[in-house]
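What follows is a short report on a single structure.
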Amino acid sequence: MKNSRSSFAALALAEFLAAMFVFRADPAPLNELHTRAACVGCGNGNGNGNVGVLNGNLNGNFNTGAGNGNGNGNGNGLPQTNGNLGYMNGGTGNVGAYNGLGNSSSSSGNNNVGALNGNFNGSTNNGSGNVGAFNGNLNGLGNVGAGNGSFNGNGNLGALNGNLNGSLNH
């Protein structure tokens with residue numbers, strides 16, 4: 001019984017959507033409909049050169065006339081600083097997404113490639129030079145005294161390496 005109800009609902013929705021495109025509130029002569037369907041040089045050069053997520057979509061569609069809907073949605077995305085490339089990177093020289101964020105020292109969370117590398121490190125020189133995912137995170141936290149919890153979680157390759165090292169030293 002459940003399948004027949006959802007089938008009926010799907011068919012009803014399909015008929016409604018089809019009717020929206022077939023029957024118009026402002027009926028136009030047949031030759032006007034033919035003119036509207038033709039578009040010359042429309043919808044070109046859209047959605048190019050974007051960085052990040054959900055940029056450059058749904059541009060240059062449903063145009064009529066000539067030369068409309070061109071050159072939209074290009075070159076969007078958050079500008080990356082400090083030689084980073086990708087989406088939501090901190091630190092310096094990170095490539096990918098969500099690398100080098102939330103570190104207590106500028107010497108931590110740098111030159112990572114991949115996703116979620118070199119984040120939330122304390123002390124100095126932690127979580128750098130990792131390649132892959134979830135490497136070099138949460139190192140050198142909660143230390144008391146000079147020189148504790150440094151040089152942890154660096155140079156890892158793969159996933160889930162070099163995390164939670166050099167913490168809580170007094």
Of the non-hydrogen atoms in Gly122 and Ser104, which two are nearest, and what is the gap between them?
CA-OG, 3.2 Å

Check whether Leu141 and Leu168 end up in the same hydrophobic cluster, where Ile, Leu, Val, Met, Phe, Trp and Tyr are linked by side-chain heavy atoms less than 4.5 Å apart.
no

For Asn137 and Asn119, indicate whether the former's side chain and the latter's backbone hold a donor-acceptor pair under 3.5 Å.
yes

Sub-3.5 Å donor-acceptor pair from the side chain of Asn126 to the main-chain atoms of Gly149, do we have one?
yes

Grab the two heavy atoms, one from Asn165 and one from Gly153, that are nearest each other, plus how far apart they are.
ND2-N, 4.5 Å

Just by modelled atom types, is the Ser128 backbone N or O under 3.5 Å from a matching donor or acceptor in the Asn110 side chain?
no

Can you sort out the partners of Tyr98 under ring pair (Phe, Tyr, Trp, His ring centres under 6.0 Å), two or more places apart, ordered by chain and number?
Tyr87

What residues, two or more places apart in sequence or in another chain, satisfy side-chain hydrogen bond (donor to acceptor under 3.5 Å, both in side chains) together with Thr124?
Ser150

Using the test side-chain hydrogen bond (donor to acceptor under 3.5 Å, both in side chains), find all partners of Asn154 that sit at least two apart in sequence or belong to another chain.
none

Scan residues 100-144 for pairs that pass ring pair (Phe, Tyr, Trp, His ring centres under 6.0 Å), counting only residues two or more places apart or in two chains.
none

Side-chain (Asn99) to main-chain (Gly114) donor-acceptor, under 3.5 angstrom:
yes

What's the spacing between Asn130 CG and Leu157 CG if we round to 0.5 Å?
9.0 Å

For Gly140 and Ser167, work out which heavy atoms get closest and say how close.
N-OG, 3.5 Å

Test of understanding: with side chain to side chain contact (heavy atoms under 4.5 Å, CB included), list the residues that count as partners of Asn161, not counting sequence neighbours.
Asn135, Asn156

Using the side-chain hydrogen bond (donor to acceptor under 3.5 Å, both in side chains) criterion, which residues pair with Ser106? Sequence neighbours excluded.
none

Taking side-chain hydrogen bond (donor to acceptor under 3.5 Å, both in side chains) as the definition, give me every residue that meets it alongside Asn103, ordered by chain and number, with sequence neighbours left out.
Asn121

If Ile, Leu, Val, Met, Phe, Trp and Tyr residues are connected whenever their side-chain heavy atoms lie under 4.5 Å apart, and connections chain through other members, are Leu160 and Leu116 in the same group?
yes

Donor-acceptor pair, Asn94 side chain versus Gly109 backbone, under 3.5 Å?
yes

Option among Asn117, Leu101, Asn84, Asn112 that satisfies the side-chain contact (heavy atoms from CB on, under 4.5 Å) test with Asn89:
Asn84

Do the side chain of Ser108 and the main chain of Asn125 share a donor and acceptor less than 3.5 angstrom apart?
yes

